[in-house]
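Just below is one structure, and these are the notes that go with it.
Just the heavy atoms: all of them, side chains too, but no hydrogens, waters or symmetry mates, feed the values below.
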Amino acid sequence: MSTEEKEKTYTIKGMDCAGCALKIEKAVSKIDGVKSAQISFAAEKLKVISGDPSAEKDIHELIEKMGYSVETAAAYGTMTLKIGGMDCAECAGHVQHAIAALPGVESVNVFLSSEKAVVRLDPALVDLPHIRQAVEKAGYSVSGPAEAPTTPQLGDFTSRVVTLLAVVFGAVLFIVVIGEWFGLFEHLTKRVPFPVGLALVIFSGWPVFRNVIRATLNREVTSHTLMTLGAIAALAVGEWATAAVVVFFMRVGEYAESFTTESARRAVKDLTAMAPQTARVERDGAEQEVPVADVKIGQTVIVRPGEKIPVDGEVIGGQATVDQASITGESMPVEVASGSRVFAASIAKLGSLRIKTVRTGVDTTFGRIVKMVEEAEANRADVQRFADKFSGYYLPVVAGIAALTFLISRNTLSTAAVLVVACSCSIALATPIAMLASIGGAAKRGLLIKGGKYLETLVNVDVLLVDKTGTLTLGRPQITDIIPLNNQPASELLALAASAERYSEHPLAEAVRDAARAQNLELAEPDNFEAVPGAGVRAAVKGSQVTVGNSRLVPAAQSLPIAEQLEKQGKTLLFLARNGEPVAVLAAADTLRPEVPAALAAVRDLGVKHIELLTGDNERTAAALAGKLGVSYRAALLPENKIEIVKEYQAKGHTVMMVGDGVNDAPALAQANIGIAMGAAGTDVAIEAAHIALMREDWTLVPAVLRIARRTMGVVRMNLAFTGVYNLVGLTLASLGFLPPILAAAQSLPDLGILANSTRLLRQR
């Protein structure tokens, strides 16, 4: 982005289908000065990059003219507070007026039953102390931030779907049996004066008609436009009862669309509801409770038992058992103390903490998770782009079929039936509902998928390339063998090596010290310590010159027979020399993650036949690990070599999935068709480079994401097939005169079918 260009995010309200979102995106993209526009239907956000400051006014005017509301998203935040002392509706009114009168408060809702106030505010103008003071002045109390709203259970969600389906099917049955067979509608048409029926139709359908009129003024055609024309056609021939039924199903369809829209946005709302809203910070030696947006990097945050951690940071005092399920998906809590890293939205179950703030707000690991889920919709799958394009051509085709029907049959009711049965929203909803359900469900498990197109690509993966250190292994080497060369006790030699390595930061030095600590060995203070990069260390220990390192630092040990045997086992060797004479060989090995063999077997069962290990380690180490796992390997690789291997397979027509730790492997992760970063919590490079990030280091998530992709694409194909057949059959019967407008009006059925089918993806296996 150039220095002249600025990025702004807008909140868009009023979108009720994916088609609405696309129309806004296309319209804003055409505004002079707008470089790019990207909309997220699920998050209700529009991101615009513009080189012209005046474009913001044009954006507001255009979106409002299209019938939607818009506001700049960055300025406001939401705070939920516990209010004490309210015992009647009048009390709630007093609290609401007291808060609303504060400058910087955009809106406030007070709920008497739950004793909560939800305040939308500008943090730059008003904060928690101001609100508390205003409420207390009104005679009530603010006892602290309220808990985030509880996520609706899947059973409740499903029961709503079933109830709505039952209502629609019941209405259709009533219309067929009572209205058509027993002639109720014909009787009503004759008995009720037409002006009364007309007024009833206009009154009951006005919210939909108003949106249709607004769209028409903007030269847009929607599915409700066609249904409205159908209702007008029914009124034109005096069938006001038929028009009333059309309006009834339009309203049911409108509710179904809002319901399916809500399910699409649930992924974002479930995550954002988990975010802490206030923090307790140390300022001038005292504790102050402030909105999270006011916390600065470097400030000390206090977290008490049972509270959510509001920032990413480092523990500088206290200890606690922390539930990090919201970040890593790991169900078991972890113990943290001074020096430990903690993440926003995790919960201190037991104990209290003092935390030095490292990241706040959208920059926290949790904030980035929410942002990824919000923006995932921008990376649309090819099948989703097909659905978007199809919706653009579908409605004009239906209008043409209706015109042809009227020209041939001169039957107004058949023409009305064609217009009424058309349901393009179902095509537009078929893919994004399923994709967002999967992405949201996966995020709760610690699987971050950056967009629907990656789910579609995953289905075709046939090559898996895997990094070794930190990916297949834990990245923490351990000493496995201590071989004395002069009959000296192994414990004395280990203490000597650990003393020389006492101040080295190399992972192998840490492994030596860990082995010494495990045996409770006493270490001496080294003198004249010298670290030799890529080779080892030298130091004076108890009057002896001690060297610990590889064969380059201790050449005399290179020809030892035991060294060759240990290297064949895939172990890394450290040679210990005293006064220039080799006295011991220490062997270290990285530990294979215990779940890896079973996970790789599951990946093979899912159709990925070729698995290859890529590592910068030597040939022997790579061969030993690859042999244990039954995979091929390539050793002594640099990062650019890994990219070349990815390109090599892609050139042969393979779909490549690469799994790495997101640092040295970042270029290969980006080049692969699917890059998966292991253990991405707090790792910027992993989240940026990879297409999928695993928020905990668990290999079982790799086959899990393949299964999620297959289930998702199966549901998408079922959705598209269902809506295609429904619309084809409906249009055919309507154009031939076999489907009366009354039954054609049940156009909410495909929306409900899509919703019911996609709901299954909320329960990830």
Ring pair (Phe, Tyr, Trp, His ring centres under 6.0 Å) partners of residues 292-314, not counting sequence neighbours, each pair once:
none
Inspect the contact between Arg513 and Glu510 and indicate whether a charged nitrogen and a carboxylate oxygen are less than 4.0 angstrom apart.
yes
Member of Ile347, Leu353, Val303, Val315 meeting the side chain to side chain contact (heavy atoms under 4.5 Å, CB included) criterion with Val322
Leu353
Does the Asp481 side chain pair with the main chain of Leu586, one donor and one acceptor, at a distance under 3.5 Å?
no
Checking Ile562, Leu560, Leu573 against Ile483 for side chain to side chain contact (heavy atoms under 4.5 Å, CB included), the one that qualifies is Ile562
Restricting to salt bridge (Lys or Arg N to Asp or Glu O under 4.0 Å), what partner residues turn up for Glu525, sequence neighbours left out?
Arg502
Listed by chain and number, what are the side-chain contact (heavy atoms from CB on, under 4.5 Å) partners of Thr360, not counting sequence neighbours?
Val295, Val311, Thr357
Using atom types as modelled and distance alone, determine if a side-chain donor or acceptor of Trp699 lies under 3.5 Å from a backbone N or O of Pro594.
no
Of all residues at least two apart in sequence or in a different chain, which pass the side-chain hydrogen bond (donor to acceptor under 3.5 Å, both in side chains) check with Tyr633?
Glu619
side-chain hydrogen bond (donor to acceptor under 3.5 Å, both in side chains) with Ser338: which residues, sequence neighbours excluded?
none
Pair Gln478-Asp514, side-chain donor/acceptor within less than 3.5 Å:
no
Could you list all the side chain to side chain donor-acceptor pair (under 3.5 Å) pairs where at least one residue sits in residues 596-612, not counting sequence neighbours?
His610-Glu612, His610-Tyr649, Glu612-Arg634, Glu612-Tyr649
Check Asp698 with Arg593, please: is the shortest side-chain N to carboxylate O separation under 4.0 Å?
no
Non-neighbouring partners of Arg710 that pass side-chain hydrogen bond (donor to acceptor under 3.5 Å, both in side chains), sequence neighbours left out
none
Who passes side-chain contact (heavy atoms from CB on, under 4.5 Å) against Arg538, sequence neighbours left out?
Glu530, Val532, Gln545, Thr547, Leu553
Minimum heavy-atom distance Gln319-Ala337, with the two atoms named
CB-CB, 4.1 Å
Salt bridge (charged side-chain N to carboxylate O under 4.0 Å, His left out): pairs with one or both residues in residues 575-586, sequence neighbours excluded
none
Restricting to side-chain hydrogen bond (donor to acceptor under 3.5 Å, both in side chains), what partner residues turn up for Gln565, sequence neighbours left out?
none
Can you sort out the partners of Asp462 under side-chain contact (heavy atoms from CB on, under 4.5 Å), two or more places apart, ordered by chain and number?
His654, Thr655
Under the rule for side-chain contact (heavy atoms from CB on, under 4.5 Å), what residues qualify as partners of Pro555, not counting sequence neighbours?
none
Counting C-beta onward and ignoring hydrogens, is there a side-chain heavy-atom pair between Leu494 and Leu521 closer than 4.5 Å?
yes
Considering only NZ, NE, NH1 and NH2 on the basic side and carboxylate oxygens on the acidic side, decide whether Glu287 and Arg304 come within less than 4.0 Å.
yes
Stepwise salt bridge (charged side-chain N to carboxylate O under 4.0 Å, His left out) test for Lys642 and Asp467:
CA-CA 9 Å; Lys642 295 181 180 180; Asp467 173 55; 3.1 Å; yes
Within a reach of under 6.0 Å around CD of Gln299, are more than 12 heavy atoms found that belong to other residues, nucleotides or ligands?
yes
